[in-house]
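Okay, so here's the structure we're looking at.
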Amino acid sequence: MLASDGERCLLGRSPRFAPRMWSCLAGFVEPGETLEEAVRRETREEAGIVCGRVAYFASQPWPFPMSLMIGCHAAALSTEITVDRSELEDARWFSRDEVVAMLLRRHPAGLTVAHPIAIAHHIIRAWVEADRSLV
């Protein structure tokens, strides 16, 4: 899931990621929970960000543990990050220009996003390319 406040998106780092790689937040849908509720809950739990509108983007089969990845964009209603260190190494807001540099592998600090094989890459790219009034 990718939360955005319009001009910035929220990316996180897992300790198991390659050095300098940032990606979308991820989580699981709990029994009895809608996708939208899961996106809001996971974003709030992992990064302390409250989200409103959630829009489905795409899905991707994922073999570990025989799951389906469901990609969503979410409108952030808050901006102060509180990282759950049991879930993430870090989380922060990135500007659209900074994310473009990361996608092109030209970020001055060598930061990157998930590889194109991952749905997260496509969620992030779609946010960069989207009409700002839609995402």
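Excluded from the calculations below are hydrogen atoms, water molecules and symmetry mates; all remaining heavy atoms, backbone and side chain alike, are included.
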Discussion item. For the CG atom of Asp84 and the CG atom of Leu25, what is their distance to the nearest 0.5 Å?
Written reply: 11.0 Å
Response to the item:
Heavy-atom closest pair (Ser4 atom, Trp127 atom, distance to 0.1 Å) is OG-NE1, 2.9 Å
Worksheet entry | Check: Asp97/Ser95 side-chain N/O donor and acceptor closer than 3.5 Å | no
Worksheet item: Do NZ/NE/NH1/NH2 and the carboxylate oxygens of Arg92 and Glu98 come within less than 4.0 Å?
Response: yes
Discussion item. Determine whether Leu111 and Phe94 satisfy the following criterion, side-chain contact (heavy atoms from CB on, under 4.5 Å), listing intermediate values before the conclusion.
Written reply: CA-CA 11 Å; Leu111 305 183; Phe94 288 86; 3.9 Å; yes
Worksheet item: Is it the case that one hydrophobic cluster holds both Val128 and Val113, taking links as side-chain heavy atoms less than 4.5 Å apart, direct or via other members?
Response: yes
Discussion item. For a quick test of reading the model, state the closest non-hydrogen atom pair linking Thr79 to Ile49 and the distance between them.
Written reply: C-CD1, 3.7 Å
Item to complete: Starting from the C-alpha separation in whole Å, work towards a yes-or-no answer on side-chain contact (heavy atoms from CB on, under 4.5 Å) for Leu2 and Leu10.
Response: CA-CA 6 Å; Leu2 185 68; Leu10 178 70; 5.7 Å; no
Worksheet item: Does the Glu37 side chain pair with the main chain of Thr34, one donor and one acceptor, at a distance under 3.5 Å?
Response: yes
Discussion item. Quick one: does any side-chain atom of His121 pair with a main-chain N or O of Ala114 as donor and acceptor, under 3.5 Å?
Written reply: yes
Item to complete: Could you point out which residue of Val54, Ile123, Thr43 forms a side-chain contact (heavy atoms from CB on, under 4.5 Å) with Cys72?
Response: Val54
Fill in: Reported NE2-to-CZ distance for the pair His73 and Arg53, which is rounded to 0.5 angstrom
9.5 Å
Worksheet item: Do any pairs count as a salt bridge (Lys or Arg N to Asp or Glu O under 4.0 Å) and have a residue in residues 8-23, sequence neighbours left out, and if so which ones?
Response: Asp5-Arg8, Arg13-Glu89
Worksheet, complete the sentence: Scanning both residues in full, the closest heavy-atom pair of Gln60 with Ile117 reads NE2-O, 2.8 Å
Worksheet item: Would you say Phe17 and Trp93 are hydrophobically clustered, going by side-chain heavy atoms of ILVMFWY under 4.5 Å?
Response: no
Discussion item. Please determine whether side-chain contact (heavy atoms from CB on, under 4.5 Å) holds for the pair Met21 and Met102, giving the CA-CA distance in whole Å, both sets of side-chain angles, and the decisive distance to 0.1 Å.
Written reply: CA-CA 9 Å; Met21 188 189 92; Met102 293 163 75; over 6 Å; no
Worksheet item: Out of curiosity, does Val29 fall in the hydrophobic cluster containing Met69 (side-chain heavy atoms, cut-off under 4.5 Å, transitive links)?
Response: no
Discussion item. Quick check on the hydrophobic clustering: are Leu11 and Val100 connected, directly or via other members, by side-chain heavy-atom contacts under 4.5 Å?
Written reply: yes
Worksheet item: Can you name the closest pair of heavy atoms from Ile124 and Val99 and give their distance?
Response: CG2-CG1, 3.3 Å
Worksheet item: So does Glu80 have more than 12 non-hydrogen atoms from other groups sitting under 6.0 Å from CD?
Response: no
Worksheet item: Considering all heavy atoms of both residues, which atom of Glu33 and which atom of Phe28 are nearest to each other, and what is their separation?
Response: OE1-O, 4.1 Å
Worksheet entry | Single-linkage hydrophobic cluster Leu68~Val39, side-chain heavy atoms < 4.5 angstrom | no
Worksheet entry | Heavy-atom pair with the smallest gap, counting every atom of Arg125 and Leu103 | CA-CD1, 4.0 Å
Worksheet entry | Ile70 side chain near Tyr56 side chain, heavy-atom distance below 4.5 Å | yes
Practice prompt. Could you go through the side-chain contact (heavy atoms from CB on, under 4.5 Å) check for Met1 and Cys24 one step at a time?
Written response: CA-CA 6 Å; Met1 59 212 126; Cys24 297; 5.8 Å; no
